[in-house]
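Labels below follow one simple rule: chain letters A, B, ... track the order of the sequence lines, proteins then strands, and each chain is numbered from 1.
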Protein chains: 2
Amino acid sequence: MSAFAADLVILTIRKGELHVLLVVRGIEPFQNERALPGGFRRQGESIEDAAIRELGEETGMPDGLVALEQVGVYSASDRDPRGSVVSCAFLAIAPNLPIPVPAQGSDVKDAGWVPLSKLGGGEALAFDHDRILRDSVDQARDKLQYTTIATAFCDEEFTIGDLREVYEVVWGVPLDRANFHRKVRNATEFIVPTGRTRSSGGALGRPAELYRAAGKVSVLASPILRGSLVARR
Amino acid sequence: MSAFAADLVILTIRKGELHVLLVVRGIEPFQNERALPGGFRRQGESIEDAAIRELGEETGMPDGLVALEQVGVYSASDRDPRGSVVSCAFLAIAPNLPIPVPAQGSDVKDAGWVPLSKLGGGEALAFDHDRILRDSVDQARDKLQYTTIATAFCDEEFTIGDLREVYEVVWGVPLDRANFHRKVRNATEFIVPTGRTRSSGGALGRPAELYRAAGKVSVLASPILRGSLVARR
DNA sequence: TCAAAAGTGTTTAGGATACACCCATGC
DNA sequence: GCATGGGTGTATCCTAAACACTTTTGA
């Protein structure tokens, strides 16, 4: 039997740490084990449609909440004990996502945000999902450098501080505040000012200017180099 | 009916121009029209295995001749008139490839190298292969900037002039010879000298030092910026 | 000895770096 | 006022850019 599935790596930042959305499987194989959300494609569905549908069923995330990006296809013949299952992995990075709630009658028992630091090494997930998760996070780290994908981690409107937090959390290094500000401010086709500032929010200090993404995710003419913006002290 | 296929975008440089490997289909749908090589996955095969097998059958390229890289999955429900066919697209870039020869009994009538310049816009290829080709070439152009993939376009041993030709042909711009030389020579984890020089080859002038790739294709710490190396005159 | 291609030197300009220093707000 | 985070100024350093120059071969 040959089947086609989608698996999703949904990343978000919570309390200054990178989290991934995981489910606990309610059925065999790998019952009661943790896995990435995902499932089988149905007739007439594109694989992207299947991914969005499964995300909604298994975690309650509404359609259109996140933009999906393909990571790759996983088709090793031994990746699923049920037989030949080809899976397409998708990556999404989004801010302030709600606590997931599996739909009644779905194949999962539970769903929740798990900090990546709590998954260190080892065989933590079902199927080849450890590998898929690692590839996806690597892709996210690389893409921060040379694309404008970081804006997808933020709200519609965001401050440069919000954007910097994305880089710091995903890269795991502190960046120089002043130089980061200038770098992204001067980059073309990255962020555009809205003219508003963030008045409320409980944050201390001077209100920050608000920006929005300049357009679709694109390749940066001048990359945000990881090595060079790291703060020394 | 749902089926899973692989399509291949094989690029090479011939006479200073970027060429793609195309076939003429021998069966319906799109009989007698040009398409990318590719075909259906068989039981127990990974999708990569299927891609390599089809490449051999349809164009006579031996196994292991090229390293394949995933481009993406194409699964729109109307992309194939036969019904629901999910295709995974692969990209390979390689030097000095032979003239293709379709195997007897394969589904293609002919195979050959076609310069990209002869395909300008329009609906030149079967299925959604125009789209797949465009996405693949875009990916190759971007990856030249921030990965060491250009070495995959060259032979096992190559000169810096060979490497520069890859950039110039794929990007379609002339680069400053001297600055390109220093940039790639000083980049870490890109190229390593072999100590030999290229004596023969019919080329005029001083023999060039030979290099080989430093390792697997990786992300460059300092990207080869397209805009900045372009020669002005 | 001449043309052709490889490789190196050198000046200059612009951007990155590492800070120091102001600005605006809540308490 | 003062702590906190946002924003700007600036001296220094480093690399990219432009192009002249030298080296090594074949004819």
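If you take NE2 of A:His181 and C1' of D:dG5, they are 11 Å apart, rounded to a whole angstrom. Between B:Arg177 atom CZ and D:dC21 atom P the separation is 14 Å, expressed in whole Å. Straight-line distance from the CG atom of B:Asp176 to the C1' atom of C:dT12: 15 Å, rounded to whole Å. One atom, CG of B:Asn186, and another, C1' of C:dG7, lie 13 Å apart when rounded to the nearest Å. The interatomic distance linking A:Glu209 (CD) with C:dA24 (P) rounds to 11 Å, in whole Å. At whole-Å resolution of the value, CD in A:Glu165 and P in D:dT4 are 18 Å apart. Rounded to an integer number of Å, the gap from A:Leu175 CG to C:dC19 P is 16 Å. Taking atom CD1 on A:Ile160 and atom C1' on C:dC23, their separation rounds to 15 Å, with Å as the unit.
A donor-acceptor contact under 3.5 Å is not formed by the side chain of B:Arg185 with the base of C:dG7.
B:Arg198 has no side-chain polar atom (N or O) that falls below the 4.0 Å cut-off from OP1 or OP2 of D:dT25.
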Would you be so kind as to tabulate the donor-acceptor pairs closer than 3.5 Å made by side chains of residues 152-160 of chain A, with sequence neighbours excluded?
{"from": "A:Asp155", "atom 1": "OD1", "to": "A:Asn96", "atom 2": "ND2", "distance (Å)": "3.3"}
{"from": "A:Asp155", "atom 1": "OD2", "to": "A:Asn96", "atom 2": "ND2", "distance (Å)": "2.9"}
{"from": "A:Glu157", "atom 1": "OE2", "to": "A:Arg196", "atom 2": "NE", "distance (Å)": "3.3"}
{"from": "A:Glu157", "atom 1": "OE2", "to": "A:Arg196", "atom 2": "NH2", "distance (Å)": "2.3"}
{"from": "A:Thr159", "atom 1": "OG1", "to": "A:Gly161", "atom 2": "N", "distance (Å)": "3.3"}
{"from": "A:Thr159", "atom 1": "OG1", "to": "A:Asp162", "atom 2": "N", "distance (Å)": "3.0"}
{"from": "A:Thr159", "atom 1": "OG1", "to": "A:Asp162", "atom 2": "OD1", "distance (Å)": "3.3"}
{"from": "A:Thr159", "atom 1": "OG1", "to": "A:Asp162", "atom 2": "OD2", "distance (Å)": "3.4"}

Can you pull every protein N or O that's under 3.5 Å from an N or O on nucleotides 10-15 of chain D?
{"from": "D:dT10", "atom 1": "O4", "to": "A:Arg182", "atom 2": "NH2", "distance (Å)": "3.3"}

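With C:dT25, D:dT4, D:dG7 as the choices, the nucleotide that has an atom nearest any side-chain atom of A:Leu204 turns out to be D:dT4.
Taking the ring pair (Phe, Tyr, Trp, His ring centres under 6.0 Å) definition, one finds that A:Tyr146 meets it with B:Tyr146, sequence neighbours left out.
A donor-acceptor pair shorter than 3.5 Å can be found between the side chains of A:Lys183 and A:Ser222. With hydrogens and angles left out, the side-chain atoms of A:Asp135 and A:Tyr74 include a donor and acceptor closer than 3.5 Å. In the model, B:Tyr211 has a side-chain atom that pairs as donor or acceptor with a side-chain atom of B:Arg185 under 3.5 Å.
Closest approach of A:Ala126 and A:Ala35 over heavy atoms only: CB-CB, 4.0 Å.
Taking for each of A:Arg206 and B:Ala178 the nucleotide of DNA chain D with the nearest heavy atom, the 5'-most of the two is the partner of A:Arg206.
A heavy-atom distance below 4.5 Å is not found between the side chains of B:Ile224 and B:Leu144.
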